[in-house]
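Please read these numbers as outputs of a predicted model, since none were measured by experiment. Each chain gets a letter, A, B and so on, in the order the sequences are listed, and its residues count up from 1.
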Number of protein chains: 2
Amino acid sequence: MAATRLFWERGYEGTSIGDLTEAMGIRPGSLYAAFKDKKSLFQEVVHSYGRSPVGGFVAVALEEEPTAHGAFARILREAAVIYPDPSHPAGCLTISAATNVAPQDAEIEAFLRNLRNENLATFEARLRVAQQEGELPPSANPRSLAAYFAAVIQGMSQRARDGATAAELTETAELALDAWPGARR
Amino acid sequence: MAATRLFWERGYEGTSIGDLTEAMGIRPGSLYAAFKDKKSLFQEVVHSYGRSPVGGFVAVALEEEPTAHGAFARILREAAVIYPDPSHPAGCLTISAATNVAPQDAEIEAFLRNLRNENLATFEARLRVAQQEGELPPSANPRSLAAYFAAVIQGMSQRARDGATAAELTETAELALDAWPGARR
DNA sequence: CGATTTGTTGAGCGATTACTCAAGAAAGAA
DNA sequence: TTCTTTCTTGAGTAATCGCTCAACAAATCG
């Protein structure tokens, strides 16, 4: 949807109803008939983004990769290529669309924050399973590792918005994987 | 200044002139007499932030620490404590105050982006010196390492705004330092 | 002191914000 | 066809945005 691109690029508050109606080729009345209001439209956009290949690659990797290391390595390497891809706005919509907002939109800020923290919990759960299965040594800390990878991914999204290329972000991904218990290039 | 807290917490567009005049206890006319306009006030705020202990800890560490490893270890560990400090808004003003804006404020977005990319260049320069001095092996890539640490720091700022504690961020910092050539906990 | 400068004030500017609604057009059912 | 339902439209709402200005007060100067 055209709304996705706008919210992705300019964020929630940076995108006006006028921008949206113009891009979608409709009048405000139609927009408010189809979606309740701006908040609801945004939340619908975020959900459809999460179900798309570009926004859902993290969940797909966690599901498809048999090992935790394989999953996180794939997530970081794919993020390095997807985030700076010029076919869409840079970075991740969930990470950057509402990082700082006016008090009246705190609800939207919290909505995305919750999504991010849910992803963090998913990371931790996957690493905990890996530890139970013996892939991760008992000395490893699933919670710490999850928070670390979440921070790296959020940082890579920001760097992509600042102009980092896929090559640069791939090097960042490889360095980040050195933190994996026992890993070394 | 009161304006710093507001911009830090809500971002550039999330802070209105009304918010600023109320917090500063002045009327709009006085604000526009003292600072030219909202953009100029914001830029002045960012500059004073960069000269403060909280906003300038990166430059101080790079200046004071004799080794590059010492400098980056200190930067990460201090960021882990400073970013979630409850005595001020979470995270880094430069990183989060204008990540997504309306087209009319693209100038402000670029202003902060340039600051971030300058910091990245400073990182790379410090690492290049370390390589010339033999602290870093010839196989290391100063540019990649700099981009990696920049991404981690930006990610830590975001995580702090999402509620991460100093303890959690410290663990992230320690994991991040594993990427240092030859390092291992 | 009076004169001049500097700073502050409240009122209000035009533009933009998210959003609404009565009226009309289009589509579907009988 | 006619009736009903669904969707779209242009005009408009009140509120807020960044910003300006003539009038006034405070401070500075000779």
* Nucleotides bounding contact with chain B, strand DNA chain C, heavy-atom threshold 4.0 Å -> dT8(C) to dG10(C)

* Structure fact -> The salt bridge (charged side-chain N to carboxylate O under 4.0 Å, His left out) partners of Glu124(A) (sequence neighbours excluded) come to Arg128(A), Arg143(A)

* What residue pairs, at least two apart or across chains, pass salt bridge (Lys or Arg N to Asp or Glu O under 4.0 Å) with a residue in residues 40-69 of chain A? -> Glu64(A)-Arg74(A), Glu65(A)-Arg74(A)

* Asked: Which salt bridge (Lys or Arg N to Asp or Glu O under 4.0 Å) pairs, counting each pair once, include a residue from residues 81-102 of chain A, with sequence neighbours left out?
  -> none

* What parts of residues 1-39 of chain B reach DNA chain D, counting only heavy atoms under 4.0 Å away? -> Thr15(B), Ser16(B), Ile17(B), Pro28(B), Gly29(B), Tyr32(B), Asp37(B), Lys38(B)

* Structure fact -> Contacts of Phe42(A) meeting ring pair (Phe, Tyr, Trp, His ring centres under 6.0 Å) (sequence neighbours excluded), chain-then-number -> Phe7(A), Tyr12(A)

* By ring pair (Phe, Tyr, Trp, His ring centres under 6.0 Å), which residues pair with Phe35(A), not counting sequence neighbours? -> none

* Asked: Among all residues two or more places apart in sequence or in another chain, which pass the salt bridge (charged side-chain N to carboxylate O under 4.0 Å, His left out) test with Asp162(A)?
  -> Arg113(B), Arg116(B)

* Asked: Given axes from five pairs at either end, by how many degrees does the helix from dC1(C)-dG30(D) to dA30(C)-dT1(D) bend, rounded to 10°?
  -> 10°

* Is the ring centre of Phe123(B) less than 6.0 Å from the ring centre of Phe149(B)? -> no

* To do: Check ring pair (Phe, Tyr, Trp, His ring centres under 6.0 Å) between Phe111(A) and all other residues, then give those that pass, not counting sequence neighbours.
  => His47(A)

* To do: Tell me, please, which residues at least two apart from Tyr148(B) pass ring pair (Phe, Tyr, Trp, His ring centres under 6.0 Å).
  => none

* What residue pairs, at least two apart or across chains, pass salt bridge (Lys or Arg N to Asp or Glu O under 4.0 Å) with a residue in residues 19-37 of chain A? -> Arg10(A)-Asp19(A)

